[in-house]
Structures are given as C-alpha cells and as structure tokens.
Amino acid sequence: MVHDRGSAEADRSAAPDPHGSRPPAPGGAGPWLPWRAATEEALYGPHGFYRRPEGPAGHFRTSVHASALYAGAVARLLCRVDAALGHPRELACVDMGAGRGELGAGVLAALPAEVAARTRAYAVEIADRPDGLDHRIEWCAEPPERVTGLLFANEWLDNVPVDVVEVDAAGTPRLVLVREDGRERLGEPVGGEEAAWLERWWPVAGEEGLRAEIGLPRDRAWAAAVAGVERGLAVAVDYAHLADARPPFGTLTGFREGRETAPVPDGSGDITAHVALDACALPGARLLTQRDALRALGVTAGRPPLSLATTDPTAYVRALAGAGEAAELTAPGGLGDFGWLIQPVGIPHPLGEGDTASDTPSGTGHGAE
C-alpha cells in the first residue's frame, strides 16, 4: 500500500527528540555533510531517488494520485486564469515537479476542447520522460520562461533541499551534519543570510535540542519560478506551517515503499520537510487551505440524494465514489489542511477576495508526505 502523503504527519509524535529519532548505525558511511547537500545528492544525484524508474508514486501518494477530481479542479482554475487573461492564443500550464506527468495529463483530459486546443502543457522534472505520456505535454528539466498562464507546483517545494539546525548546550543554533547512513552530529554555528532567515522566520536560539529547517532555498526557488510567469498565476501546494506555529523539533522525515521512515540520505527513499509558505510568499500572494481552495473550485464532499439511487443507480454509485474522493482531498488533519500559496501575476485573484498571505492564519497544512 502506498502511503498517503496527506495523513502521515498528523500521526507523528510531538515529543521532544533533539536527535531526530534516528537510530545509530554501525560504522561510518561517507563524509559528514549538511542536510541540504546530502539531500540534494540523495534525491537528484545520478542515482537519486527522483531518478528511480518507479517514480514517486511507487513510494507515496499525493492529491494528484488520490483522485481525478484534483486535476479537474486545476483544470477549472486554469480556465479562470484563461478568462482573466482574455483567452490568449497560447495558454501555458506548467507542472513543477511533475513526477511522471500525471497532473498535466489529467488537466488536459478535463479541459473543455476549446481551451485544451490553446493550452501548451509543460512537465518540469529531472527524470526521463515516461513512456506513453500524452504527446501534447512538453517534458523539460527547467521551467519555461516568460509564460502566460498557470504555473502549478504540487508538493514541489517540500523537496527543495534545506539545511537543518539544532540548538546546542550553549544555546547556539548549529548546522546538523549527516552521513549517508543517517547518523548525525552538530557542525558549525549558523551565520550570514541563513542566520538572518532563522531570526526572521523561525527563531530557535536558547533551548538545547530545538530544531528548525532553513527555508531560504525554497524562498529563492519559488521566487525564480514565479519570475517565469509573465502574466497569469503561480500556485504552490504543500504541507506547511506558519510563523505562529512552527514545530519545535522540525519536520524532516523520509518515505520509502509506502511507509514513513527515518530520513536517510542514501537515495533509497524520499526526504522531505514541511514548507514555511509564509516565508515564500511574495507581495500580493494569498494563503488558503486546500479545503477552502478546492471548495472554491467546486470540489465538495456532499453525498448524492438517495432518490438518485432509485432513478439512476449507476450515477448514484459514481456520485457516491466522487463524494468519498472529495472528502479525502478536503479532510481536516490530512490533505485538506495543505497550504495553497496563490500568487497572481498581472491578473485579479482567481478565487475571489480573501486575506493576504501576510495576515491570514490559514494554510497550516498539518498533513505529511
């Protein structure tokens, strides 16, 4: 069974654990590296996890895999962007961290024919193009530049590697170093831009054992992705936390063969951590929960009327299944708590009026990978 990325983290213990719950491994394995460097190699190196032939879906399940309703909602969002743009001759749909292209294929299938005919779909992923993918999807290692349309990043930022810090006995945040077998030790004190980011977004100094993940690389990655949108909308969807509710011992974890595991940077499994979406947000952005975003896009979990079972039993069963899938996508404590960071670029906000990212407490995303 493939683990649902939307429910595992809700079951994780909140007990203090300054050493990250990783059992000691016998012997050494490779050099001591900061977690960011070790994760980069483990996920994206020549033998990295995201280059494995089975793809991410072989190890965990995202909203994309949970239901076709998700791709349908993104298709409706793309149609709203299309209308806000005045129905351009070419409409981009960029899927960041595309896995094996499942979302892009689902969106194209769900679009009205007239919109699909104008849509240029891109799947951005480091792995090779999968066999049998819809020929209309362009496979690329880097996002296209100066597009007009929608850039959608579903569970991409959580896999942008970050450094982990831990407060030592003197109250000083230090980089956590790790070996390929998962063993850790403390390194140098954090300084420079990283220290400034911690002070602004995730203060931890003082209490021994407190941990944090430095989200600066994610802030920069998101800013670069948004910069590629000339007009339209950029959306990042991830399990997240905000400044008033940072987890005191961090969120770094792993997934392998359908199970949540200790994070071990050997390429055999995923390594991920929740995203400080409020730090990523650019001016004009808004944060919503997935539950609110999907409801605004027509995904509801209401049961069909029982009368339909009599008049059209097949439609009733189909509607009942859809309601169950919608309930999973919007469930509190799971996928519904994911954060949606919505960044308009030269268009009105496509989901209506709401709070800006700087003042909303929503989008805390307590789901996990």
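In this structure, D337 contributes its side chain and G333 its backbone to a donor-acceptor pair below 3.5 Å. At least one donor-acceptor pair closer than 3.5 Å links the side chain of D163 to the backbone N or O of R36. In this structure a side-chain-to-backbone donor-acceptor pair under 3.5 Å is present from E125 to G99. The closest donor-acceptor contact from the side chain of R246 to the backbone of W201 lies under 3.5 Å. A distance-only check finds no donor-acceptor pair linking the side chain of R179 to the backbone of E184 [under 3.5 Å]. Between the E40 side chain and the G45 main chain, no donor and acceptor come within less than 3.5 Å of each other. Checking side-chain atoms of D238 against main-chain N and O of D158 turns up a donor-acceptor pair under 3.5 Å. Listed for the T251 side chain is a donor-acceptor partner under 3.5 Å among the backbone atoms of H274.
Remark: L294 CG to S63 OG distance equals 7.0 Å, nearest 0.5 Å. Note that the CD1 atom of I137 and the CD atom of E102 stand 9.5 Å from one another [nearest 0.5 Å]. A distance of 14.0 Å separates NE2 of H47 from OG of S268, quoted to the nearest 0.5 Å. With rounding to the nearest 0.5 Å, the separation of CZ in R291 from CG in L335 is 10.5 Å. A distance of 6.5 Å separates CG of L85 from OG1 of T148, quoted to the nearest 0.5 Å. From R51, atom CZ reaches atom CD1 of I126 across 4.0 Å, with rounding to the nearest 0.5 Å.
Across every non-hydrogen atom of L157 and A236, the tightest pair is CD1-CB, 3.9 Å. Heavy atoms only, all atoms of each residue included: P265 and I271 are closest at CA-CD1, 3.5 Å. Nearest heavy atoms, L150 versus L77: CD1-CD2, 4.3 Å. Contact record, G336 with T289: O-CB, 3.5 Å, taken as the closest heavy-atom pair. Summarising the geometry of R174 relative to V190, their closest heavy-atom pair is C-CG2, 4.0 Å, with the distance given to 0.1 Å. Closest heavy-atom contact between C280 and W222: O-CD1, 3.5 Å.
Note on W35: it does not cluster hydrophobically with V162, by side-chain heavy-atom contacts below 4.5 Å among ILVMFWY residues. Residues L297 and V237 are members of one and the same hydrophobic cluster, defined by side-chain heavy-atom contacts under 4.5 angstrom among Ile, Leu, Val, Met, Phe, Trp and Tyr. Transitive grouping of hydrophobic side chains (ILVMFWY, heavy atoms separated by less than 4.5 Å) brings L341 and V124 into a common cluster. Tracing side-chain contacts under 4.5 Å through hydrophobic residues (I, L, V, M, F, W, Y), one never reaches L186 starting from L33; they form parts of separate clusters.
No donor-acceptor contact under 3.5 angstrom links the side chains of E328 and S67, judged on distance only. With 3.5 Å as the limit, one finds no donor-acceptor pair spanning the side chains of E155 and T62. D128 and W139 share no side-chain donor-acceptor pair at under 3.5 Å.
Listed by first and then second residue, the ring-ring contact (aromatic ring centres under 6.0 Å, His included) pairs involving residues 142-162 are F152-W340 (not counting sequence neighbours).
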Extract all donor-acceptor atom pairs below 3.5 Å that involve side chains of residues 115-122 and protein atoms in other chains or at least two apart in sequence.
residue : atom : partner : partner atom : Å
R118    : NE   : E114    : OE2          : 2.7
R118    : NH1  : D82     : OD1          : 2.9
R118    : NH1  : P88     : O            : 2.7
R118    : NH2  : D82     : OD1          : 3.4
R118    : NH2  : D82     : OD2          : 2.8
R118    : NH2  : E114    : OE1          : 3.2
R118    : NH2  : E114    : OE2          : 3.3
T119    : OG1  : V115    : O            : 2.8
R120    : NE   : Y122    : OH           : 3.0
R120    : NE   : E138    : OE2          : 2.4
R120    : NH2  : E138    : OE1          : 3.4
R120    : NH2  : E138    : OE2          : 3.1

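Taking the side chain as every heavy atom from C-beta outward, C79 and P112 approach each other to under 4.5 Å. Contact check for E180 versus V264: no side-chain heavy atoms found under the 4.5 Å cut-off. The side-chain heavy atoms of L351 and I342, taken from C-beta on, include a pair separated by under 4.5 Å. Using a 4.5 Å heavy-atom threshold, the side chains of V176 and P34 count as separate. Under the 4.5 Å side-chain criterion, counting only non-hydrogen atoms from C-beta, F249 is not in contact with E166.
Not counting sequence neighbours, R185 has no partner by the side-chain hydrogen bond (donor to acceptor under 3.5 Å, both in side chains) test. Taking the salt bridge (Lys or Arg N to Asp or Glu O under 4.0 Å) definition, one finds that R146 meets it with E230, sequence neighbours left out. By the salt bridge (Lys or Arg N to Asp or Glu O under 4.0 Å) test, R76 pairs with no residue at all, sequence neighbours left out. Scanning for salt bridge (Lys or Arg N to Asp or Glu O under 4.0 Å) contacts around R231 gives an empty result, with sequence neighbours left out.
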Next item on the list: Walk me through it: do L242 and L287 pass the test side chain to side chain contact (heavy atoms under 4.5 Å, CB included)?
Entry: CA-CA 10 Å; L242 302 183; L287 285 172; 3.7 Å; yes

Note to self: Show, in sequence, the C-alpha distance, side-chain angles and deciding distance for V165 and I214, and conclude whether the side chain to side chain contact (heavy atoms under 4.5 Å, CB included) test is met.
What the structure shows: CA-CA 8 Å; V165 302; I214 302 175; 3.6 Å; yes

Next item on the list: Test side chain to side chain contact (heavy atoms under 4.5 Å, CB included) on V226 and L151 and set out the steps.
Entry: CA-CA 8 Å; V226 173; L151 180 143; over 6 Å; no

Notebook entry, point to check: Stepwise, does the side chain to side chain contact (heavy atoms under 4.5 Å, CB included) test hold for L111 with L78?
Noted result: CA-CA 9 Å; L111 286 173; L78 180 61; 3.9 Å; yes

Notebook entry, point to check: Step by step, would you call R295 with T330 a side-chain hydrogen bond (donor to acceptor under 3.5 Å, both in side chains)?
Noted result: CA-CA 8 Å; R295 285 174 178 170; T330 59; 5.0 Å; no

Margin query: Show, in sequence, the C-alpha distance, side-chain angles and deciding distance for N154 and Y70, and conclude whether the side-chain hydrogen bond (donor to acceptor under 3.5 Å, both in side chains) test is met.
Written below: CA-CA 11 Å; N154 183 69; Y70 193 75; 2.7 Å; yes

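The environment of CD in E188 is sparse: at most 12 heavy-atom neighbours from other residues, nucleotides or ligands sit within 6.0 Å.
The aromatic ring centres of W202 and H241 sit less than 6.0 Å apart.
Taking a cutoff of 4.0 Å between a charged side-chain nitrogen and a carboxylate oxygen, R218 and E213 do not qualify as a salt bridge.
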